[in-house]
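Here the structure comes first, spelled out in structure tokens, and everything after it is commentary.
These numbers were taken from a predicted model, which means no experiment stands behind them. Every chain is numbered from 1, with letters handed out A, B, ... down the list of sequences.
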Amino acid sequence: MGHRLPCVSRLLLLDGHSLAYRAFYALPVENFSTTTGQSTNAVYGFTSMLINVLRDEAPTHVAVAFDRSRQTFRTQEYAEYKAGRAATPSEFVGQVDLIKQVLDALRITHVEVDGYEADDIIATLTGQARSQGMEVLILSGDRDAFQLVDDRTLLLYPVRGVSETWRMTPEKVEEKYGVRPERYSDLAAMVGESSDNLPGVPGVGPKTAAKWLAAHGDLSGIVSAADQLTGKAGQALRDHLDQVLRNRRLNQLVGDVPLEVGVDDLQARGWDREEVHRVFDGLEFRVLRDRLFSTLESAETEAEEGIEVEGQALPAGEVASWLDRYAGAGSRTAVVVHAAPRTAAGPGEATAVGLAGAEQAAFVDLVDLGPDDETALAGFLLDPAREKVLHEAKGQVRSLEERGLPVEGIVSDTALAAYLVRPDQRSYDLADLALRYLRRELRLDDEPEAQGQLELAFGADDTAEAAAARSAMVHARAVHDLSLALDTELADDEEQALLRDVELPLVGVLRRMERAGIAVDVDGLQRLEREFADAMTQAQQDAWDAIGDDTVNLGSPKQLQTVLFDTLALPKTRRTKTGYTTDADALAGLYAQTEHPFLEALLRHRDKTRLRITAEGLIKSVADDGRIHTTYQQTIAATGRLSSTEPNLQNIPIRTEEGRRIREIFVVGRDGQGDFESLMSADYSQIEMRIMAHLSGDEGLIEAFRTGEDLHRFVGSRVFGVDPEDVTLEMRSKVKAMSYGLAYGLSAFGLSKQLGISTGEAKGLMDEYFERFGGVRDYLRDVVAEARRSGFTETILGRRRHLPDLVSDNRQRREMAERMALNAPIQGSAADLIKVAMLRTERGLQEAGLRSRMLLQVHDELVLEVAPGEQERVEQVVREQMGSAADLQVPLDVSVGVGRTWHDAAH
DNA sequence: TTCGGCACGTA
DNA sequence: CGTACGTGCCGAAG
């Protein structure tokens, strides 16, 4: 795709020292060291740049030039050349040798010559390459290299860290400095170069120098005309003429350095895989090694081709024999479903399936399926011994079930597997996965490559049916091959087990929960919606009255800003990208300062609007059975949590009394067998804090949970040094905010903001906390350090999240990744636990022969519908199964409530 | 019509 | 300058 074909030889030259220095100062040294204490930030940054340029530019020849010593002809002429530089930092020492080891492993030539600088070597090789008609790319952070740029010699000049370079063409040099590249050294001689300790002419900057060069051609022209130069700058030049000419001699690169290698010796060779592993292991560069292998190996592979598939649309009566021959027990068969479009009445019913085994694919039309074929297909789908793989199995199975074809024996879901491999992708689209893991294009329809053998099966008469069959079989082939490829991509046995024992079985649980839905008191909901709407209108009128303007749209932040900060001239709030925030926090702050009635009405309007919209959305979601059926997304949240959509039932209000009223309309309902008795809500108390106690092994926190005392009271007594009974409500709430904040990477600043206290007080609070709970402090520090080393975080069940930004040279991104690394094991382990709890609870209910069923999951809470007479037994199952989902160093506390509505079941 | 930004609900 | 989500509205872009 991106890389060029090597018709013309392309030589890539790197300035090893300047790039290593760039990297050293761009990446925080404290974040890059091996367990033995060797600093590696310069090696990391250099190697990262090297990989990027190899990937993006696909050179045919490569060399890296290094300075050998500071003694060169330049220091002989001018002792102060490059003097005044700070001594080489001790952490940098030794990294250049490590870089050379990396280069050796990659079989990239590096060159250094006594008495010359890297730039001179680069100039010499550039000259040789140009005379042979090669294109040249130079990657250097030294501006002296600008003089080498021409229409076939491009300079990649790093800006901002190690991830961004400017492509310096002659035009770009001229745009930046006002002169062509061949005149850049003349300009630099006058302007000076502080990094080389070459002083410029006082009062002469790039603008003046460029103007003179434009007028007089080059530096010698300027020298000849020096007497005619006007102004102070002209006089200054005359006064410093010797210095300018000396600068010019020094910044002239040497084009004839005696070298032992020639351009032909620099041809890119295959790299030494074993040596790469050895060197990268020693450097503890796991992320970078992955990147190296994936970028360089993909460049080596052939251009992507389409999916090849062999198969046919099965004629009537042939389904059984095809299945026996190509989809027997012990082999793996991909199933891809074509479904009718989803309607208001329900999900789309399956109309056809594509199948693919190891060898052959097939297409089965379900619309006019004969009884024998139906039996054969149904038997195959239901047989757990005949292993099936699907992509996004939940929806596919749902369509098949609608068609009366239940499925058992699913051994992989390619979307779920890909999610476990890389949990923070935006989508797991089949075509994307095929490209990424199979390096195959998932082409459809008129692409001849995808047709292949299929032409034979359908002949020239390419009907719509044939196209559908082809598409289904190509997809099935992709799913089959992907499922094998993804098996090997899963990091280890633990992740395989996570897929097999947790995520895959959960698909069925979620499907049943979605199908069950939750009953709704529609009349009550409509009354509520009206009530909120009326209150909203009233609030709007009050707000308009307060400012004497009934044209302002209170829902428009832009118009609100005009009212607040122009018309009312209130104090400015926190900045956003487009202006000043009007969020509830800021408005409340303004109200506290000014008590302006508009603010009160506006906040009330916000509240009521929100509630009305929530109620309205729920009304729209009620299905014909009087219930709301959410959809759970299993591959969205990078931490491993589920999410809920259409509608989202994981963000139903609970914090305010008014909001809680919405929970009253979620009520106990009935199914085909009759009425249920109640709703039951069971949640883990302080699950994330318990996981933090477990993962950190902090004795204080573990004791807190084992004593069974109120957690925040216990922690408060330690932090404030008082007896538990003397912990005031204020102390408790501060400690509570801090405890939860810690799991998100909260800073003292953030804590102070939230609690409305000074940063100093917040800092003191955190220090005191960490003093008392040192295990937590150590854990939070170590978890980030470990993730930085390995490149990923891990949960209790081995769910990984990769965080390459932990080594970003961009501070914002790096610190964001650090907070993610801190939070992911905690939030993710909690997600692991509740998923296990769901599996066990469903199995427990089933084994106990109970009709009661699970309806909702809200991260740490399960909502169940309890059948008459089953309450006690259901509670026992739920407590037991949720409580034993994992064996932690602290008990898992489950609290249970029961009631007619979700609100009443809260506790 | 599409999309980014804002605001806000939950754990 | 606290993590993870989904949704609705506005207003600028198309």
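- Taking the six-membered ring where tryptophan is involved, the planes of A/H596 and A/F598 are perpendicular, since the angle between them exceeds 60° and thus also 30°.
- Nearest to the side chain of A/T578, among B/dC8, B/dC6, B/dA11, sits B/dC6.
- At whole-Å resolution of the value, CZ in A/R574 and C1' in B/dA7 are 11 Å apart.
- To the nearest angstrom, P of C/dC5 lies 16 Å from CD1 of A/I826.
- For the pair A/R515 and A/H629, the tightest heavy-atom approach, listed with the atom from each and the gap, is O-CE1, 2.9 Å.
- Among the heavy atoms of the strands, none lies under 4.0 Å from A/M738.
- At least one side-chain nitrogen or oxygen of A/K558 sits closer than 4.0 Å to the OP1 or OP2 atom of C/dA12.
- A donor and an acceptor atom, one from each side chain of A/D542 and A/Q538, are located under 3.5 Å apart.
- The nearest whole Å value for the distance from the CE atom in A/M816 to the C1' atom in C/dG2 is 9 Å.
- Residue A/R819 places at least one side-chain N or O under 4.0 Å from the OP1 or OP2 atom of C/dT3.
- Taking atom CG on A/L611 and atom C1' on C/dG8, their separation rounds to 14 Å, with Å as the unit.
- If you check every strand for non-hydrogen atoms under 4.0 Å, A/L822 touches nothing.
- To the nearest angstrom, P of B/dC8 lies 21 Å from CD of A/Q650.
- Side-chain proximity of A/I613 to the nucleotides B/dC6, B/dA11, C/dC9 is greatest for C/dC9.
- With distances taken from any side-chain atom of A/T576 to the nucleotides C/dC10, B/dC6, C/dG2, the minimum falls on B/dC6.
- In this structure, A/I687 reaches neither bases nor backbone, as no heavy-atom distance under 4.0 Å exists between it and the strands shown.
- At the heavy-atom level, A/I654 lies under 4.0 Å from the strands shown only through sugar-phosphate atoms.
- Which of B/dC6, C/dG11, B/dT10 sits closest to the side chain of A/R655 comes down to B/dT10.
- By the 4.5 Å heavy-atom criterion applied to side chains, A/L506 and A/L642 are counted as neighbours.
- Here C/dT3 presents its P atom at 15 Å from CG of A/L751, a figure rounded to the nearest Å.
- Distance check: A/D424 CG to A/L803 CG gives 7.0 Å after rounding to the nearest 0.5 Å.
- A side-chain donor from one of A/R606 and A/T582 sits under 3.5 Å from a side-chain acceptor of the other.
- For C/dG2, the base has a donor-acceptor partner in the side chain of A/Q754 [N/O atoms by modelled type, under 3.5 angstrom].
- Across all strands shown, A/R612 has no heavy atoms under 4.0 Å from either base or sugar-phosphate atoms.
- A/A638 comes within 4.0 angstrom of sugar-phosphate atoms only, judged by non-hydrogen atoms across all strands, and of no base.
- The residue A/G741 sits close to a base: some heavy atom pair falls under 4.0 Å.
- OP1 or OP2 of C/dG6 has not a single side-chain nitrogen or oxygen of A/T645 nearer than 4.0 Å.
- Across A/S678 and A/V668, no two heavy atoms sit closer than the pair N-CG2, 3.4 Å.
- As judged by a 4.0 angstrom heavy-atom cut-off over every strand, A/S644 is placed among residues touching the sugar-phosphate backbone only.
- Without hydrogens or angle criteria, A/D805 side chain to A/R814 main chain gives no donor-acceptor distance under 3.5 Å.
- Of the side-chain N and O atoms in A/N648, none sit less than 4.0 angstrom from OP1 or OP2 of B/dT10.
- Summary of the strand contacts: A/E616 and A/P423 both lie near DNA chain C, and taking for each the nucleotide with the nearest heavy atom, the more 5' one is attributed to A/P423.
- The A/A584 side chain lies nearest to B/dC8 when the options are B/dC6, B/dC8, C/dA4.
- Residue A/E815 is out of contact with every strand shown, counting any heavy-atom pair closer than 4.0 Å.
- One finds a side-chain N or O of A/Q559 lying less than 4.0 angstrom from the OP1 or OP2 phosphate oxygen of C/dG11.
- Residue A/T582 places no side-chain N or O under 4.0 Å from the OP1 or OP2 atom of B/dC6.
- The base of B/dC8 is paired with the side chain of A/R610 by a donor and an acceptor separated by under 3.5 Å.
- For B/dA7, one of the phosphate oxygens OP1 or OP2 lies less than 4.0 angstrom from a side-chain nitrogen or oxygen of A/T581.
- Between B/dG9 and A/T614, no contact under 4.0 Å exists linking OP1 or OP2 to a side-chain N or O.
- Among the nucleotides C/dC5, C/dG2, B/dA7, the one closest to the side chain of A/R606 is B/dA7.
- Counting to the nearest Å, the P atom of B/dA11 and the CG atom of A/L833 are 18 Å from each other.
- Residue A/R801 places at least one side-chain N or O under 4.0 Å from the OP1 or OP2 atom of C/dA4.
- In this structure, CD of A/Q633 is placed 9 Å from P of C/dT7, rounded to the nearest angstrom.
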